[in-house]
Amino acid sequence: MLADSIAFVLLVIGLIFNALGVIGLLRFPDVYTRLHASTKATTFGSIFLCLGVVVYAIAHYFWTSDSQYLMVIVHTIIAVFALAVTNAAGSHAIARAAHKSGQKPEPSVVDRLSEAGL
Amino acid sequence: MIPFIVTASVAFLFYLVLVIGSGPVIFWSWEEILAGVIIGLATGIICRKVFCKNENYRMLCPARLVGLVIYICGPFLVELTKANLDVAYRIITGRIRPGIIRLHSGMKSDLALTMLAHSITLTPGTLSVNVDEENHDLFIHVIHLDEGEEKKEVFEAEEIFAFMNIPAWIRRIAE
């Protein structure tokens, strides 16, 4: 029962952060600030969602000692790592492509990349 | 020969991790172990030149792997939490002052630079945009620069993180 409640709370926190990511995607002015919202908030939210799954599976593993729950735990942890790494690499690629194709950050107070001319 | 052994054992261990909980031999069944051996051998033959391109086996040292796990669960998680609370605040209030700055990373190897760029993207209100290949400088987009910070030419890698010394951790793990 306790584990179910903890998993529920973790799911709610994860959903709140994912929702914040979506709101930021609609609210921010240019591509870079939107990438901030969509990478950071959704990664953090998804970590909490997966944490909820892990807590639920650990509790059921101890109650039933069914080894299939071990597989759920390990696969979820691997999914979190894959998500974090691909999210960072993908957002870097999008930002670099956007800057190369002439999307200047707007508004911005300084742009050292255009000054360096790379 | 060494690239083949390294690739085959990494593939075998990864397969075992993926099929954990399938039978009575500790956590695995004999069929899965046999399948893992076959898959490991095949992967070792096919991928040995891709996986061990630089002939650099530093990351196989157990101390470095343990350091990587401690780094992810400790300092990185603290910075990730702080960054997300900050970005959530900016999303709700809309107070942003963005800009692209130059960051002097000081990393020597490509692996360390990749780890630093990924950590920067996921942590403190920053997003890596481009890399200067010559001197390994990073160009990062910051969502909120304080007053006067835009006049500074180059930032050091230690300055942008709030609590933990992330670059020192990465140097210890990957260099």
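Keep in mind that what you see is a predicted model, and the values were worked out from it rather than measured.
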Look only at the side chain of A:Lys40 and the backbone of B:Thr121, and say whether a donor-acceptor pair between them is shorter than 3.5 Å. yes
Could you tell me how the ring of B:His141 sits relative to the ring of A:His36: parallel (under 30°), tilted (30 to 60°) or perpendicular (over 60°)? tilted
Connected via hydrophobic side-chain network under 4.5 Å: B:Leu85 and A:Ile47: yes
Toward chain B, the part of A:Leu20 with a non-hydrogen atom under 4.5 Å: both
Against chain A, work out which of B:Asn84, B:Ile20, B:Thr114 has the most heavy-atom pairs shorter than 4.5 Å and name it. B:Asn84
Please determine whether residues A:Leu25 and B:Ile91 belong to a single hydrophobic cluster, defined as Ile, Leu, Val, Met, Phe, Trp and Tyr linked transitively by side-chain heavy-atom distances below 4.5 Å. no
If I take atom CD1 from residue B:Ile92 and atom CZ from residue A:Arg27, how far apart are they, to the nearest 0.5 angstrom? 8.5 Å
Taking the side chain as C-beta and beyond, is there a heavy-atom pair between B:Leu80 and A:Thr43 under 4.5 Å? no
Region of A:Phe28 in contact with chain B, defined by heavy-atom distances below 4.5 Å: side chain
Can you confirm whether more than 12 heavy atoms, excluding those of A:Arg96, are under 6.0 Å from its CZ atom? no
Heavy atoms, side chains only, cut-off 4.5 Å: are A:Phe44 and B:Val87 in contact? no
Counting neighbours of CD1 on B:Ile2 that are heavy atoms of other residues, nucleotides or ligands and sit closer than 6.0 Å, is the number greater than 12? no
Look at the side-chain heavy atoms of Ile, Leu, Val, Met, Phe, Trp and Tyr, link any pair under 4.5 Å apart, and say whether A:Phe81 and A:Val54 land in one connected group. yes
Mind ranking A:Ala97, A:Ala98, A:Ala84, A:Ala93 by heavy-atom pairs under 4.5 Å with chain B and telling me who comes out on top? A:Ala84
Contacts of residues 3-18 of chain A with chain B (heavy atom under 4.5 Å): A:Phe17
Shared hydrophobic cluster, A:Val72 / B:Tyr15 (ILVMFWY, side-chain heavy atoms < 4.5 Å): no
Counting only non-hydrogen atoms closer than 4.5 Å, does A:Thr33 touch chain B with its backbone (N, CA, C, O), its side chain (CB onward), both, or neither? both
Would you say the side-chain atoms of B:Arg90 pair up with the backbone N or O of A:Ala37, donor to acceptor, closer than 3.5 Å? no
Partner chain B: residue of A:Asn87, A:Val85, A:Thr39 with the largest heavy-atom pair count (under 4.5 Å): A:Val85
Give, as side chain, backbone, both or neither, the part of A:Phe48 having an atom under 4.5 angstrom from any heavy atom of chain B. neither
Below 4.5 Å from any heavy atom of chain B, which atoms of A:His75 appear? Answer side chain, backbone, both or neither. side chain
Contact class of B:Thr81 relative to chain A, heavy atoms under 4.5 angstrom: both
Answer with yes or no whether the hydrophobic clustering places A:Tyr61 together with A:Tyr56; edges join I, L, V, M, F, W, Y residues whose side-chain heavy atoms lie under 4.5 Å apart. no
Closest non-hydrogen atom pair, B:Leu127 against A:Ser91: CD1-OG, 3.7 Å
